[in-house]
A.B. asks: 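Can you read through this structure? Questions will come right after.
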Amino acid sequence: MPSQTWRERYPEITRVPYHVGIIMDGNGRWAQARGLPRLAGHKAGTENIRRVLRAATEYGIKALTIYAFSTENWGRPADEVAGLMNLLGQVIRRETRDLHANGVRILHSGRLEGIAPNLVREIQAAIALTRENDRITLNVAFNYGGRAEIVDAVRHIMRDGHTPEEVTEELISHYLYTGGLPDADLIVRTGGEYRLSNFLLWQSAYAEYYATPTFWPDFDEDELAAALIEYSQRERRFGKVPSADGTQ
Ligand code: IPE
Ligand code: IPE
Ligand code: MG
């Protein structure tokens, strides 16, 4: 069905979120189910990012934040941590040129401390190269923790000498790693768990939440469409009463 547009294919998608966050979970279990080492699951998961990013761009999502490595993931066995670090470097080296050609702006959310200096340089170079792109923003949450992000923002605010009266929700938002990105509209978690695991705590205050048992390496275009269909059916009330005519 190559001539079919995604709107024809998924007429139930009536609203597309601006900013989607994805907790890419289930790589280990995906591998385990195939009798493979966990790292093979991470490799397959990394390759899946390209497919989902392509679909997200097509559906008109403007910002995609992907949770790739949490501050808590340092507690995994050293070889798994090293493997995940290697994978990020490989992806940056392999994909940045294509991402740039496709109008993808790359951002990083997370602490740079703890990441090897050459990897930090590669991350920074990818961000600098793609800075002006505006088709979609791919925000990679790597060495990311929602609480660490708020701690870092508060430290930064104090270092900049802001008075207590100047501290507002807008100011804090501005000082987060995602400063400049609108809040998340939709959080997707693959792998069947129902928790945030320290992801986008501040930015998802009013996000819609969608969980699927599908392991991340198997999460494809149709799965993303299913999340957007459910999102289209949600009524976002933001604490207000629904309007009589059903508009939001
Ligand atoms: C998510 O997959 C990827 C990272 C946390 C880096 P997991 O590695 O958590 O996979 P499961 O949850 O053990 O299956
Ligand atoms: C969340 O998955 C972190 C990432 C997807 C990077 P985890 O597998 O680390 O989360 P928990 O341990 O199930 O909460
Ligand atoms: Mg997991």
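Remember, it's a predicted structure, so these values are computed and weren't measured experimentally. Counting starts at 1 for both ligands and their atoms, following the listed order.
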A.B. asks: Any idea which atoms of ligand 2 are less than 4.0 Å away from a heavy-atom of Arg195?
C.D. replies: 11 (P), 13 (O), 14 (O)
A.B. asks: Can you sort out which atoms of ligand 2 are near Met24, meaning under 4.0 Å from one of its heavy atoms?
C.D. replies: 5 (C)
A.B. asks: For Glu132, I'd like to know if atom CD has over 12 heavy atoms of other residues, nucleotides or ligands within 6.0 Å.
C.D. replies: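 At most 12 heavy atoms, drawn from other residues, nucleotides or ligands, come within 6.0 Å of this atom.
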A.B. asks: Going by distance alone, is a donor N or O of one side chain under 3.5 Å from an acceptor N or O of the other, for Tyr231 and Arg236?
C.D. replies: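 Distance-only check passes for Tyr231 and Arg236.
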A.B. asks: Of all the non-hydrogen atoms in the protein, which one sits nearest to atom 7 (P) of ligand 2, and at what distance?
C.D. replies: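 The closest heavy atom on the protein side is Arg76 NH2, 3.7 Å.
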A.B. asks: For Gly191, state whether at least one heavy atom is located under 4.0 Å from any atom of ligand 1.
C.D. replies: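 Heavy atoms of Gly191 never come under 4.0 Å of ligand 1.
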A.B. asks: Would you mind telling me which of Asp25, Ile23, Ile49 makes a side chain to side chain contact (heavy atoms under 4.5 Å, CB included) with Trp216?
C.D. replies: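 Between Trp216 and the candidates, side chain to side chain contact (heavy atoms under 4.5 Å, CB included) is satisfied uniquely by Ile49.
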A.B. asks: Classify the contact between Arg29 and ligand 2 as side chain, backbone, both or neither, using a heavy-atom distance cut-off of under 4.0 Å.
C.D. replies: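 The answer is neither.
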A.B. asks: I need the nearest protein heavy-atom contact for atom 14 (O) of ligand 2: residue, atom name and distance, please.
C.D. replies: Ser197 OG, 2.6 Å
A.B. asks: Distance under 4.0 Å to a non-hydrogen atom of Phe69: what atoms of ligand 2 satisfy this?
C.D. replies: 6 (C)
A.B. asks: Determine, for Arg234 against Glu230, whether the closest basic-nitrogen to carboxylate-oxygen distance falls under 4.0 angstrom.
C.D. replies: yes
A.B. asks: Answer side chain, backbone, both or neither: which part of Ala141 comes under 4.0 Å from ligand 2, heavy atoms only.
C.D. replies: neither
A.B. asks: So is Ala68 touching ligand 1 or not, going by heavy atoms under 4.0 Å?
C.D. replies: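 In this structure, Ala68 qualifies as a contact of ligand 1 - some heavy atom is under 4.0 Å.
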A.B. asks: Is the closest side-chain donor-acceptor distance between Asn48 and Arg51 under 3.5 Å?
C.D. replies: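 Yes - a donor-acceptor pair under 3.5 Å links their side chains.
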A.B. asks: Any protein heavy atom lying closer than 4.0 Å to atom 12 (O) of ligand 2?
C.D. replies: no
A.B. asks: Under 6.0 Å between the ring centres of Tyr67 and Tyr144?
C.D. replies: yes
A.B. asks: Are the charged groups of Glu193 and Arg29 less than 4.0 angstrom apart, N to O?
C.D. replies: yes
A.B. asks: Contact between ligand 1 and Arg38 is defined here as a heavy atom of the residue under 4.0 Å from a ligand atom; is it met?
C.D. replies: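 Arg38: in contact with ligand 1 (<4.0 Å).
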A.B. asks: Pick one of side chain, backbone, both or neither for how Phe199 approaches ligand 2, counting any non-hydrogen atom pair under 4.0 Å.
C.D. replies: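 For Phe199, there is no contact with ligand 2 at all, from either part.
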A.B. asks: Check whether any N, O or S atom of Asp25, backbone or side chain, sits closer than 2.8 Å to the Mg ion (ligand 3).
C.D. replies: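 Looking at Asp25, which is the residue asked about, there is an N, O or S atom under 2.8 Å from the Mg ion (ligand 3).
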A.B. asks: With distance as the sole criterion, is a donor-acceptor pair present between the side chains of Asp183 and Tyr206 under 3.5 Å?
C.D. replies: no
A.B. asks: Is any N or O atom of Asn73, backbone or side chain, closer than 3.5 Å to an N or O atom of ligand 1?
C.D. replies: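 No, since none of the N or O atoms of Asn73 sits under 3.5 Å from an N or O of ligand 1.
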A.B. asks: Answer yes or no: is there a side-chain heavy-atom contact under 4.5 Å between Glu221 and Leu224?
C.D. replies: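 SC-SC contact between Glu221 and Leu224 ruled out.
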A.B. asks: May I ask which of Gly192, Gly45, Gly28 has a heavy atom nearer to atom 10 (O) of ligand 1 than the others do?
C.D. replies: Gly28
A.B. asks: Could you tell me if any non-hydrogen atom of His42 lies under 4.0 Å from any atom of ligand 2?
C.D. replies: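 Contact check His42 vs ligand 2: negative.
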A.B. asks: Got a salt bridge between Asp222 and Arg9, using NZ or NE/NH1/NH2 to carboxylate O under 4.0 Å?
C.D. replies: yes
A.B. asks: Please determine if Ser70 has a nitrogen or oxygen closer than 3.5 Å to a nitrogen or oxygen of ligand 2.
C.D. replies: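 For ligand 2, there is no N or O atom that lies under 3.5 Å from one belonging to Ser70.
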A.B. asks: Out of curiosity, does Leu64 fall in the hydrophobic cluster containing Phe199 (side-chain heavy atoms, cut-off under 4.5 Å, transitive links)?
C.D. replies: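 Shared cluster, no.
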